[in-house]
Amino acid sequence: MLRRIFAAFAVVLLAMALLPFITEIHPFQELSPVARHYAEKGPDELGGANLVTSVIVTYRGLDTLGEVTVLFIATAGVGFLLRRDERDEEESAAAAGTDESGSAGNSPRPASELLMSGSMLLFPLLMLFGVYIFLHGHLTPGGGFQGGVVIASAMLLVMLSRVSLHLNHTVLGLVESLSGFSYVVIGVVGLVLAGGFLDNRILPLGELGNLLSAGAIPVIYSLVGLKVGTELTNILETMKSEEEL
Amino acid sequence: MTLGTVIGFALILIGVWGMLTRSNLIKIIIGFSIIDTGIHLVIVSIGYLPGRTAPIIDGAVDKARAGLEVVDPIPSALVLTAIVIGLAITALMLTYAVGMFREKKSLNIGDYKELKW
Amino acid sequence: MSVYIIAVFGVLMVFAAVYAIYSRNILSAIIASGVISLLASIIYILLAAPDVAMTEAAIGSGLTTVVFLLALKRINRLRGTEEEDVDA
């Protein structure tokens, strides 16, 4: 009961702290100077039609690099914690003999025919859609992060329909680290050939609205898409992999 | 004030209340993800300008007048990366919850008393 | 016009959030938190942020829910026998 009173007190205090944001701060009527620069000069400077993509990949590219690093560390943390637990459990299960085998559903049940056929049909389409999303990141809504998530969902579908499937971790790790490495290399190339780290003007800007335009933005975003896709696939695979116990 | 900000703040308060009063570890993580959504909503609604369109230069937006016709792209960019990080952090928290359950066979936060006295 | 839509979805989101906090069934709570993200993605469309809407729909209501469910399944497997009675 005391805990609820304290919690209510904390929530009321937080509400009082947030109230001025609603009552006293007026919404913007104009773009801030930075946003105005991005909106007016962005298409000419970088050649990207989608301003959000321009901001993420080039103007604030360094932040995105940090963000991908956070994602990598979180993935590594999930993998480290669960893999270690799994090994401990295998040892204890081997020591205790029949301890684990009693629980229901330990032997994976094969997926239904419907799920198998549906995933066979959908998997290539989903992969293609993911690639489409990150290749067109500079033209339409979407980009590396969304495309990567769609790819991870396609892999999840396969994992659900083929319970005994084991993904090749060497390939996953290779794709993930190579795309991360190329991302940094492109950034450094931008530092040498163009205006700064992750500058996209190392390739010709092309015409606004074409697929092959916006310099290195499609390349960078494809690498981000591959990296995010493999990392999220890794998280999902690690969290699901208790089947093999 | 804008409506999106109000909804976002409401979600933040509900999430904080849930995190503080629930004792199930998974409920606490759900509270965290509600706070996450609320914060994203607040940031996006701050960048919204009434009567303007999405920050994509296509047929609907005149390139020369883009500064007067599109909403702020920076909050969108911030929130986009924050959502992806939010997923990774949620997965990490859930992994810890699984590990804690493995230790004590309980999800109740009241059973974890190692730091008490 | 879009103000009313946002208001309706906002009320739904608040209800879903309260339900996610107070539901006795952990599975319903997880689904409710996915519903919050889905409604949020519709609001992002109305707030002229389609990029964020795509991300939120794919990650917030898709993968986050899946990650919660995988963790819950793992916990239930560790629990061994009783499956459904994980309550608050």
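Predicted model only: the values in this text are computed from it and were never measured. Lettering follows sequence order; numbering is per chain, from 1.
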query = Out of curiosity, A:Phe80 CZ to B:Thr95 OG1, how far, rounded to the nearest 0.5 Å?
reply = 12.5 Å
ask   = Which one of B:Ile12, B:Leu92, B:Ile14 has the most heavy-atom pairs closer than 4.5 Å to chain A?
value = B:Leu92
ask   = Which bit of A:Val70 is near chain B, if near means a heavy-atom gap under 4.5 Å: side chain, backbone, both or neither?
value = side chain
message = Can you tell me which portion of A:Gln146 sits under 4.5 Å from chain B's heavy atoms? Options are side chain, backbone, both or neither.
response = side chain
ask   = Taking atom CZ of B:Phe32 as the centre, does the number of heavy atoms from other residues, nucleotides or ligands within less than 6.0 Å exceed 12?
value = yes
message = Please rank B:Ile46, B:Val16, B:Ile83, B:Ile85 by heavy-atom pairs under 4.5 Å with chain A and give me the top one.
response = B:Ile85
key: Residue pair B:Ala91 / A:Ile235: nearest heavy atoms and the distance that separates them   = CB-CG2, 3.8 Å
message = Pair B:Thr81, A:Asp63 - check side-chain contact (heavy atoms from CB on, under 4.5 Å), show working.
response = CA-CA 9 Å; B:Thr81 53; A:Asp63 295 4; over 6 Å; no
request  = Tell me, for B:Val71 versus chain A, whether the close heavy atoms (under 4.5 Å) come from the side chain, the backbone, both or neither.
outcome  = backbone
ask   = Out of curiosity, A:Tyr59 OH to B:Ile74 CD1, how far, rounded to the nearest 0.5 Å?
value = 10.0 Å
task = Name the region of A:Arg4, side chain, backbone, both or neither, that has any atom closer than 4.5 Å to a heavy atom of chain B.
result = both
Heavy-atom contact with chain B under 4.5 Å, split by part of A:Leu232 = side chain
note = Greatest number of non-hydrogen atom pairs under 4.5 angstrom with chain A, of B:Leu78, B:Val42, B:Ile89, B:Leu13, falls to B:Leu13
Contacting moiety of B:Leu80, where chain A heavy atoms sit under 4.5 Å = side chain
request  = Could you pull out the closest heavy-atom pair between B:Val84 and A:Glu67, with the gap in Å?
outcome  = CB-OE2, 3.6 Å
ask   = Side chain, backbone, both or neither: which part of A:Ala10 has a non-hydrogen atom closer than 4.5 Å to chain B?
value = side chain
